[in-house]
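Heavy-atom basis, side chains included; hydrogens, waters and symmetry copies ignored. If you read the sequence from its start, that first residue is 1, and numbering goes on from there.
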Amino acid sequence: MSWKQLSVVTIWLVAIVCAVLTGVLVAPENRLVWLSLSLAGCTILTLAAQLSTGQKEGYVHRVTLSLVGVVVVLALATGLFALFGLV
């Protein structure tokens, strides 16, 4: 795995950790707020990680992949929280 791919996958892993921590540590009525904060934090982390690589080739592609992955992970977490909230 190249370092460019690793920089994208790392952000996805951070989003997974944020979703798990939100599910475990946050009260159900506050989970959407914390998932929104997780999205904001992952966005800032994505921009910082991709800028720190110093490579302008593929920058937009890497940022897009990172953020789409984060949105998918957090959307799945939101769906699971909603599903378990109904049960």
For [X], check side-chain contact (heavy atoms from CB on, under 4.5 Å) against everything at least two apart and list the hits.
X: L67; result: T43, T46, V63
X: L37; result: V33, W34
X: S36; result: none
X: L80; result: F84

>> Consider side-chain contact (heavy atoms from CB on, under 4.5 Å). Of H61, E57, R62, which one does Y59 pass it with?
In response: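 The residue from H61, E57, R62 that satisfies side-chain contact (heavy atoms from CB on, under 4.5 Å) with Y59 turns out to be R62.
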> Of all heavy-atom pairs between C42 and I11, which one has the smallest distance, and what is that distance?
Replying inline: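 Shortest heavy-atom contact: O-CG2, 4.2 Å.
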Verify the cluster assignment for [X] and [Y]: are they in a single hydrophobic cluster under the rule of side-chain heavy atoms below 4.5 Å apart?
X: L65; Y: V60; answer: no
X: L83; Y: L32; answer: no
X: L47; Y: L45; answer: no

> Partners of S7 by side chain to side chain donor-acceptor pair (under 3.5 Å), sequence neighbours excluded?
Replying inline: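 S7 satisfies side chain to side chain donor-acceptor pair (under 3.5 Å) with Q50 only.
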> For residues 11-32, which residue pairs qualify under side-chain hydrogen bond (donor to acceptor under 3.5 Å, both in side chains), counting only residues two or more places apart or in two chains?
Replying inline: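 Of all non-adjacent pairs touching residues 11-32, none passes side-chain hydrogen bond (donor to acceptor under 3.5 Å, both in side chains).
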> Say you draw a straight line from CG of L35 to CG of L39; how long is it, rounded to the nearest 0.5 Å?
Replying inline: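 So the CG of L35 and the CG of L39 are separated by 9.0 Å.
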Show me the donor-acceptor pairs within less than 3.5 Å that the side chains of residues 70-77 make with the rest of the protein, sequence neighbours left out.
none

